[in-house]
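Beneath this line is the structure, given in structure tokens, with notes to follow.
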2 protein chains.
Amino acid sequence: MDDSKIRNMEQFARVSGISRPTVSKYFNDPSSVRPKTRARIEEALEQYDYRPNIFAVNQNRRLTKNIGIVVPYLADPFFAEIARNIEQRCMQAGFWPTLFSAHGDSALEVEILDSLRSLKPAGVLLAPLGRASDRAAVEKFCDDVPTVLFDSNIEGVGEAFVGSDNTQFVKLSVEYLCRTGQPPCFFEMPPVNPNANKRRNGYIQAMEANGFAPQVIRVAGEGWGFEEVGYRGGLDVIDRKLLTSDTVLCSNDRLAIGFLAACYERGMRVGRDADCALRVAGHDDHPFSRFGCPPLTTIAQDYEKISERSVEALFHLIEGGRSAGPRIETLFEGKLVMRASA
Amino acid sequence: MDDSKIRNMEQFARVSGISRPTVSKYFNDPSSVRPKTRARIEEALEQYDYRPNIFAVNQNRRLTKNIGIVVPYLADPFFAEIARNIEQRCMQAGFWPTLFSAHGDSALEVEILDSLRSLKPAGVLLAPLGRASDRAAVEKFCDDVPTVLFDSNIEGVGEAFVGSDNTQFVKLSVEYLCRTGQPPCFFEMPPVNPNANKRRNGYIQAMEANGFAPQVIRVAGEGWGFEEVGYRGGLDVIDRKLLTSDTVLCSNDRLAIGFLAACYERGMRVGRDADCALRVAGHDDHPFSRFGCPPLTTIAQDYEKISERSVEALFHLIEGGRSAGPRIETLFEGKLVMRASA
DNA sequence: ATAAAAACTTTACGCGCGTAAATAAGTTGA
DNA sequence: TCAACTTATTTACGCGCGTAAAGTTTTTAT
């Protein structure tokens, strides 16, 4: 391996015996040059490990190969997992994914979108904060940059949305719980995004459909420290005896994990067994749910499919040059994951 | 706000009535121009929201304002938290942090370092995978790019290291446990990084210093799904009655959370109370530890200080132009966090 | 007021690459 | 073999900005 320093494409073109414009063409699309010249270039590429200057490339291309991935809260392993999945798909397709987290802060979310704009990304995959998002700012961004929303929808914003069918999620869990014991009450906090609303409303619908009176218990709390909210709210609800059923369906798993901690602290045994005081279930199949005490019965989001379809939708958008028809919303169904908690 | 499109610095300079070189100077350091001209520029900046093309800027600067942050496993909220902290400090200082996760894969770690190189970063904050890291590749990278290691040390690599004093961590926990009950056995998995080794060795030392015979229990398992390893290992150890003490000190909190799940499944009550079969403790004060059942007694890492000092060290390095003396290792002490589990 | 210093303007070049136009060379098929 | 394509080469310009040099204006200090 000749380690003489190749400083630019000019020099690399010389040592490979191919003209610079052709080499440039090669780097934009290796299959766009004759197999013979491609071989010569790749041969040289192994001797001198040259890589085009990414800043110069991005400056001159009208559209870069950058893809922005924005999640609302990266310390939530759900988003970490889905981001990982999306990231790898993008890389495989030859893009440069960059990951951002709004850390639960809408001002930061806007800031991220602003600096993302200057990255001239080919596209963006955005899981918005939700209710807290600056709708106008997000909408304006989506007008400028091809964007696919995922996880949390903002009606009419972005070229597509990929997420879960939250109404179906709750229908599944409610029906299961009603079938196997007391009809559940619904444990929630002030909704951070439309998903939370859909879940509550879905709960109410499903209960009524099954002929039961819905009982929604909303505890106070804000921000993205859901476990904390579930824990404090759980203690409060238990101490004030506000539970209207021995079965508690939590809006999401993180809330449920906090609620479980509260139950534990108050000595209330959770599970299906006869000696248990409560059944508790959640939604999402959060990575940590299976290690709860007891392991949490929940509805599993299809991480794989959500990330796969999101990326697909974005690529389609990028190739199709925007006007790829109307805004499409894709919702995936969840699956019941029965564990010991309910 | 005049929305006429300012396409480049030339045009912006014209509308602001300042020459382009001076405007350029302003963007590199606003305080480097006379207050009066600064005011004129900033006035224009509000009318026409112009931002220098980041690709052109980075191409021409010898060193960019980019900072790479590399963590071994982002789905671990510990790293997510510390990354968030570091990220914000970098932004405040006017840098462009970019976050990467090796996802537990050493090949990906090398790949990240490679593409990081082409970002011409001013510096990099790297929490290496540890034992799995390709030492030669990491070392070579650190030769080329000013790098501060954190969390997991690689002797002699990078310009500085910032982490926790794992020996002290274990000393703290061992002494607490010995003082308040049976001397603990040590529950670990095959070490992924030097920290794990230091913890085990620290345990042995501390036990001997207190006049007890150390008992290390190593369970099988690999990868970064620590909870799973702790859970499976826990079941195995319980079923085969391998526990040599009623007090189990886990190498880290994630392992402990898995172990707690195993205890729960086997009906072993964990805690300090008389009716409890086991005491369990961990290390790190992982974000989820306080929501365990029972909440986990642990030794808290000082997230704040680790990230603060890491960033400080890197900035010092960036300003000082490398030769800022010898490699410095900074270790922070942990604090005992007493919860219900031990 | 006046010289010295500081800050600014003008002019010009270079960074590394995308890309267009004209031309030359190579490939294909009958 | 020769025309009709394809593909590569040569030449040249532009992207938006950093930055150096030389000249001009403004500020500071005496």
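Reminder, nothing fancy here: chain letters follow the sequence lines and each chain counts from 1.
- Phosphate proximity of dC17(D) to Tyr50(B): present, with a side-chain N or O under 4.0 Å from OP1 or OP2.
- Side-chain atoms of Asn60(B) come within donor-acceptor range of the base of dG14(C), with a qualifying N/O pair under 3.5 Å.
- The distance between atom CZ of Arg62(B) and atom P of dG16(C), rounded to the nearest whole Å, is 11 Å.
- For the pair Ser19(A) and dT10(D), the criterion of a side-chain N or O lying under 4.0 Å from OP1 or OP2 is not met.
- Defined by atom type and a distance below 3.5 Å, a donor-acceptor pair is missing between the side-chain atoms of Gln11(A) and Tyr50(A).
- One interatomic measurement links the two molecules: NZ of Lys25(A) to P of dT10(D), which rounds to 16 Å at whole-angstrom precision.
- The nearest whole Å value for the distance from the CZ atom in Arg40(A) to the P atom in dG26(C) is 11 Å.
- Map Arg7(A) and Val33(B) each onto its nearest nucleotide of DNA chain C; the residue landing nearer the 5' end is Val33(B).
- Ile41(B) places its CD1 atom 14 Å from the P atom of dA7(C), with the value rounded to the nearest Å.
- Between the CE atom of Met9(A) and the C1' atom of dC17(C) there is a distance of 6 Å, rounded to whole Å.
- Rounded to whole angstrom, the span from the OH atom of Tyr26(B) across to the P atom of dC8(C) amounts to 13 Å.
- Distances were taken from every side-chain heavy atom of Pro21(A) (C-beta onward) to each of dT10(D), dT27(C), dG18(D); the shortest belongs to dT10(D).
- Glu304(A) and Asn85(A) share a donor-acceptor pair across their side chains, judged by distance under 3.5 Å alone.
- Residue Asn58(B) is out of contact with every strand shown, counting any heavy-atom pair closer than 4.0 Å.
- When distances run from any side-chain atom of Asn53(B) to the nucleotides dG16(D), dC17(C), dT19(C), the shortest one goes to dG16(D).
- Regarding contacts with the backbone of dC17(D), every side-chain N or O of Ser24(B) stays at 4.0 angstrom or more from both OP1 and OP2.
- Contact annotation: side chain of Arg20(B) to base of dG18(D), donor-acceptor pair present below 3.5 Å.
- Proximity of Asn8(A) to the phosphate of dC15(C): no side-chain N or O atom is located under 4.0 Å from OP1 or OP2.
- In terms of position on DNA chain C, the residue among Thr37(B) and Gln59(B) whose nearest nucleotide sits closer to the 5' end is Thr37(B).
- The CG atom of Leu63(B) sits 16 Å away from the C1' atom of dT19(D) (whole-angstrom rounding).
- Of the possible donor and acceptor atoms, none in the side chain of Ser24(B) sits under 3.5 Å from a partner among the backbone N and O of Thr22(B).
- Proximity of Lys36(A) to the phosphate of dA8(D): no side-chain N or O atom is located under 4.0 Å from OP1 or OP2.
- Across dG18(C), dG18(D), dA8(D), the shortest atom-to-atom separation from the side chain of Asn28(B) is found for dG18(D).
- In this structure, CZ on Phe95(A) lies 14.5 Å from CD on Glu87(A), to the nearest 0.5 angstrom.
- The closest donor-acceptor contact from the side chain of Arg20(B) to the backbone of Met9(B) lies at 3.5 Å or more, if one exists at all.
- Regarding Arg61(A), its CZ atom lies at a distance of 16 Å from the P atom of dG16(D), rounded to whole Å.
- Here the options are Ile54(B), Thr64(B), Ile67(B), the test is side-chain contact (heavy atoms from CB on, under 4.5 Å), and the partner is Trp96(B); only Ile54(B) passes.
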